Protein chains: 2
Amino acid sequence: MGLEAVIPPGELIELGGALRKDVAGYDLKSLLVGSEGTLGIVTAAWLKLLPAPEAAYPIMAAFPDTAGGCEAIETVLGLGLDVAAVEYLDPMTLRHAGGSLPWGRPPGPAFAVIAEVDGAEATARQNRDELLNAWAESSLWIEATLDRREIEALWRWRDGVSLAVNSYRGGKISEDIVVPLDRLRDAIEGTLAIGAAHDLPACSWGHAGDGNLHSTFMIDPADHGQVQTAERAAEDLFRLAVELGGSLSGEHGLGLVKAGQLRRQWTPAAVRMHEEIKRAFDPKGLMNPGKKCA
Amino acid sequence: MGLEAVIPPGELIELGGALRKDVAGYDLKSLLVGSEGTLGIVTAAWLKLLPAPEAAYPIMAAFPDTAGGCEAIETVLGLGLDVAAVEYLDPMTLRHAGGSLPWGRPPGPAFAVIAEVDGAEATARQNRDELLNAWAESSLWIEATLDRREIEALWRWRDGVSLAVNSYRGGKISEDIVVPLDRLRDAIEGTLAIGAAHDLPACSWGHAGDGNLHSTFMIDPADHGQVQTAERAAEDLFRLAVELGGSLSGEHGLGLVKAGQLRRQWTPAAVRMHEEIKRAFDPKGLMNPGKKCA
């Protein structure tokens, strides 16, 4: 809801605060959020907290392939259910990470989706029933535990997916592209095609409900050739994201690794405004130099 | 979720789109939202729609005075209920507008609060019960209709409050200040004190749940002296909003009327960035000139 920040050459600004609405000035608060320290240093923040939901129930299901899994994801969103999370793991990710699932690996190669519904107990139960119904026919395997410890174990497992994938070759290059929801399947299959074209094992998982993929190429980090190949594959991935009407980053930002890539996604006029805003805040280029440049 | 806009000297930019997440560049989309046409002209927008709630039930209650009414508002928010709206009318507003309420005017002078709960039928009913319980003892009068036509009539009446107040003297100067929720009572009582100091009848109503007041001084618009006095009263009101840790505007923006007032609220460094951003987008000052300047 609000930020206090120090901007060059060392001046304090305060934007918003304990206010639920504020349209007096331009929205500098949102401009600073996600600016990765390149415009100023945030020194305090006002947050709006929501009460924790009374109940939260995840359902994990496996579908025969990416096409089937993406259809299941569209079904969830098409129902208009207020889902708290919709996560996916493509078949290759599930192969690497599935062994440590609380219920063991689903049978055969499969595309996995986890959706969590939450809210008041009655609403969460009702939405859980609707979701189970919607997936009953198309899924190969389904787990919808109500046990709190199993639910915690599921999300702990989900947190470790990245590490499990990493262990295959010792390293990876993983990018968090975003696409419109109806292009998710194209992005998942496109990730595999790019991997194949560069002779790198590839996979993806991520926040399906947001159209946000963690598209990953697995490498031996000690093998300089593999690292370079994966960097070329990542370039192809950025091109794919933009072709599908998406963005280079859903969560991680540009940083150093994607510095200079924004011009793939934005028109020259927008890139120019990006640079002029940087210059207006930080004319000497002192703030987190080299990061998040267009 | 996304904007297409034309910025000077006539270039197209597209920010976001059919994307639920996007942190690639600085958040220029939010910068343009609320910029009142001073940075560019928005030519298209991508919106995220939510399904309409299954049920929505308003409860209107009257409390003996502003102190009691503000306590009732804090009770609603303190319960952690997910309320869709919390509106208030101070006693003077209710005096002018209350006669056309669907159920007639509540007895005696009173401070009115309307809270609406919505969601799935079961959840909305449960929250309605909680709210009725919470207000049962402190309220003088309470209406919690379930009848759809009465509910529509209530909100239609609420939409006309501004016109009802206007009819008292033929005109008004009304400002939409915002304060932290725990200062709402100070802002409501402060509005009356400012009116009294300038010998103008005053009142306020607004979006209590957001700490957003429509603080109003009633005038005869043909009386030049009254108009000038009300403008001085509005200056006092802006000072009060800032003193209470608030903002000059919750919804309406700065426009022409509040042009130049932002420096009351922002530090010089923030005001400087406001002006530099305007200059970066519109170096010749062609876009909606004179509006929303700091």
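Treat the numbers as computed from the prediction; the structure is a model and nothing was measured. Within every chain, numbering begins at 1; the chains are lettered A, B, ... in the order of the sequence lines, protein sequences first and strands thereafter.
Your options are Leu28(A), Asp210(A), Thr267(A), and the one with the most heavy-atom pairs under 4.5 Å with chain B is Asp210(A). Options Ala294(A), Gly209(A), Ala5(A) differ in how many heavy-atom pairs under 4.5 Å they form with chain B, and the most are formed by Gly209(A). Between chain B and the residues Lys29(A), Lys258(A), Lys278(A), the largest count of heavy-atom pairs under 4.5 Å involves Lys278(A). The greatest number of non-hydrogen atom pairs below 4.5 Å with chain B, out of Ile7(A), Asp22(A), Leu248(A), is found for Asp22(A). Among the candidates Asp27(A), Leu31(A), Val23(A), Thr38(A), the residue making the largest number of heavy-atom pairs closer than 4.5 Å to chain B is Val23(A). Top candidate by heavy-atom pairs under 4.5 Å with chain A, chosen from Ala18(B), Gly250(B), Gly80(B), is Gly250(B). Counting heavy-atom pairs closer than 4.5 Å to chain B, the top-ranked of the candidates Gly253(A), Ala24(A), Cys293(A), Ala269(A) is Ala24(A). Note on Lys21(B), Glu36(B), Glu121(B): by heavy-atom pairs under 4.5 Å with chain A, the leading option is Lys21(B).
With a 4.5 angstrom heavy-atom cutoff, Leu12(A) touches chain B only via backbone atoms. In this structure, chain A has no heavy atom under 4.5 Å from any part of Arg183(B). Contacts between Ile177(B) and chain A at a heavy-atom distance below 4.5 Å are absent for every atom of the residue. Contact annotation for Pro51(A): only side-chain heavy atoms (C-beta onward) come within less than 4.5 Å of a heavy atom of chain B. Only the backbone of Glu14(B) has a heavy atom closer than 4.5 Å to any heavy atom of chain A. Residue contact with chain A, scored on non-hydrogen atoms closer than 4.5 Å, involves the side chain of His207(B) exclusively.
The two residues Gly25(A) and His274(B) make their nearest non-hydrogen contact at CA-NE2, 3.5 Å. Contact between Thr123(A) and Ala120(B) at its shortest, heavy atoms only, is CG2-CB, 4.4 Å. Heavy-atom minimum distance, Arg272(A) versus Pro8(B): NH2-O, 3.8 Å.
Contact check on Arg279(A) versus Glu276(B) returns no salt bridge, with no Lys/Arg side-chain nitrogen under 4.0 Å from an Asp/Glu carboxylate oxygen.
Of the residues Leu181(B), Val178(B), Val179(B), the one that meets the side chain to side chain contact (heavy atoms under 4.5 Å, CB included) test with Arg20(A) is Leu181(B).
Residue-environment remark: CG (Leu256(B)) exceeds the threshold of 12 foreign heavy atoms within 6.0 Å. Within 6.0 Å of CD in Glu71(A) there are 12 or fewer heavy atoms belonging to other residues, nucleotides or ligands.
Counted by atom type alone, Ser30(A) and Tyr26(B) present zero donor-acceptor pairs between their side chains at under 3.5 Å.
Within residues 234-246 of chain B, the residues having any heavy atom less than 4.5 Å from a heavy atom of chain A are, in residue-number order, Gly245(B), Gly246(B).
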